[in-house]
Amino acid sequence: MKRVWCAAACLAIVSLPVHAAKPEPLPMPVAQQLPVDIVLGQQELAVEVPASGAATGAAVGGLLGALIGTAIDKAAVSNAEERVVELRNLLVDYPFNQRAEAALRAGVASDGLSPAPQITTCDAPAAVGGGGMVVVAGLSFGCSVVPAKGVLVVSPRYAIDNRFQNLAVRLHVALIDRETKSNGKPKLRLVSSHQYQFNYPLEALDGQKPDDNAARWIALGSDQLEAMLDYGIDQTIQMMAYDFSEAGRTERGEKKRGSTFFKGESFNGQQVRAADHWVWTRLNAGLPLHGYYPVRAGALPAVAVASDTGMAAQTEGAVTPPAADAAATEAPSAPVTDAVPATEAAPATEPAPAAAVDAGAGS
Amino acid sequence: MTGGRHVLLLSMAALSAGCVTQIERTPLQAQRLAAAPRVSLACAVTLVEVVDARPGGESAGVYNGRALQFARAPDLVREHLVAAGVGTGEATEGMRLTVQLKRLYMAQQHAVNTPVVVLQAQLGDTPPFLIRPQVPSVNWWGSEAELYDDLGAAVARANTQLVQGLNQRCPKAARG
């Protein structure tokens, strides 16, 4: 019962206006020896299903409403889990957590975060929740509840939406203080929260249903999907390093408006950075940074060309090697509605080719 | 802002600050998982080994504030296969079987439990095949019994499908 009250209070807080004091700007770097907890709790590619049952259940009300809502959610989750099976089988030997950990260990040391981070990893958070007035979904204490000030908790995730239109790599990053209450229970104070998400949106085609979309992802093949996920991991870490850099902190604080038109598609938010195949956008000051790498129908994303098995490259004419993305340009100010040509700026490292999966695997 | 609203906000803040769930590391007990598969092998098979190929090691997901750990998972798969008639040890009769335990975990989304067990089997020189049964169920109580029921059902179903897969690959002459 206590959990129900807590959940109700947390939900209510989200919908109320919060008049918090303006946070102090973080030092540059955040700390010389920043404690960094990497939580690697994901077992496989997640399929994210919106909670549609709760709304229907609430509209009906009572026990009947709860049962209807539960049935709706169960059907939606079951369908999504069924549809993702083949994609998961393709990626069954893909070590996402190991790749993310290795990339984070290499990339978290940066000018804005820390020159000498102290990294700890764990497969589950020591505790979740808390945060006082600021409620953040899945807020994690990191790998411990031992009191400490200024701990960066990093939680990588990879997921596909239940309509199979978007494959994403996400990095949730929170700077927290861990404390202990007078009753001995752990307490968390959220200093700042950040999210970096690199998306592979699938080109929308008329009449395409989730099963059709799933088949298009499967047709890419395991090596290509792995290369895309590796690149997504790399991009989210670059986003994090940028966001804490001098330029990123300035840009993050600027107001934004409009959307970004890139590769024939419109994406929420104002352009922050772009290269040949991807664009980063931010919806407004302080909000998450999103990357978009559109995936065209019948074409292999250039990032996966290294593992090409014969499909057409996404770029017209000659196949563009992934290193073409090495030239990126920043556009931190003034609303931009279209991508600008890439110029020499921030090099984007291309991940090593993915290891081959067991060719015989398949049900 | 009215005084009442201040009180409401403060109460909510106090409550929300207390919404902390400590995650307990919980070892799974193999004996509480469901019984061995009810199907039997149709031909002689000798189990070489059950390899623990879980990328997350012993980690078996998070269930209602518990970080599940399952060290003995390969042993459980082995015991179920032996109960279904697979030979071990000194037995050298029939085709040789190698099983890789790729995943064993519990996932939760919107009050729905999705236990996942993934096995890869290779019988003799035949191509390896994957087993991944789907058994999502509603998380009614979030109890330990429910966890064992759901995860146990998934393990049993995976082993049943594995034995059925082996039977399909039995040489015709060796089928009983």
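Just so we're on the same page: letters track the sequence lines, and every chain starts at 1. Hydrogens, waters and symmetry mates are skipped; everything else that's a heavy atom, side chains included, is used.
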### Task
Let me know if B/Gln69 has heavy atoms under 4.5 Å from chain A in its side chain, its backbone, both or neither.
side chain

### Query
Where on B/Ala121 is there a heavy atom nearer than 4.5 Å to chain A: the side chain, the backbone, both, or neither?
neither

[X] to [Y] - nearest heavy-atom pair and separation:
X: A/Pro50; Y: B/His110; answer: C-NE2, 3.6 Å
X: A/Ala127; Y: B/Val20; answer: CB-CG1, 4.2 Å
X: A/Ala124; Y: B/Val62; answer: CB-CG2, 4.2 Å
X: B/Ser59; Y: A/Asp123; answer: CB-OD2, 3.4 Å
X: B/Tyr105; Y: A/Glu44; answer: OH-OE1, 2.7 Å

### Query
Within a reach of under 6.0 Å around CG of B/Asp125, are more than 12 heavy atoms found that belong to other residues, nucleotides or ligands?
no

### Query
So does A/Glu101 have more than 12 non-hydrogen atoms from other groups sitting under 6.0 Å from CD?
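Buried by this count: over 12 neighbours within 6.0 Å.
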
## Note on the structure
Separation between CZ (B/Arg25) and SG (A/Cys122), nearest 0.5 Å, reads 7.5 Å

Under 4.5 Å, counting heavy-atom pairs only, tell me which of [options] racks up the most with chain B.
options: A/Val145, A/Val77, A/Asn97; result: A/Val77
options: A/Gly69, A/Pro125, A/Pro95; result: A/Pro125
options: A/Gln42, A/Glu48, A/Gln43, A/Gln98; result: A/Gln43

### Task
Examine distances only and state if a side-chain atom of A/Arg88 and a backbone atom of B/Arg132 form a donor-acceptor pair shorter than 3.5 Å.
no

### Task
Spell out, as yes or no, whether a donor-acceptor pair under 3.5 Å connects the side chain of B/Gln109 to the backbone of A/Asp73.
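A pair under 3.5 Å: no.
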
### Query
What part of A/Ala51 is in contact with chain B, defined as an atom under 4.5 angstrom from a non-hydrogen atom: side chain, backbone, both or neither?
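Both backbone and side chain.
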
### Side chain, backbone, both or neither of A/Phe96 within contact of chain B (heavy atoms, under 4.5 Å)
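For A/Phe96, there is no contact with chain B at all, as no heavy atom is under 4.5 Å.
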
### Message
For a side-chain contact (heavy atoms from CB on, under 4.5 Å) check, start with the C-alpha distance between B/Lys102 and A/Asp93, then their side-chain angles and the critical distance, and finish with the verdict.
### Response
CA-CA 8 Å; B/Lys102 297 276 188 181; A/Asp93 289 323; 2.6 Å; yes

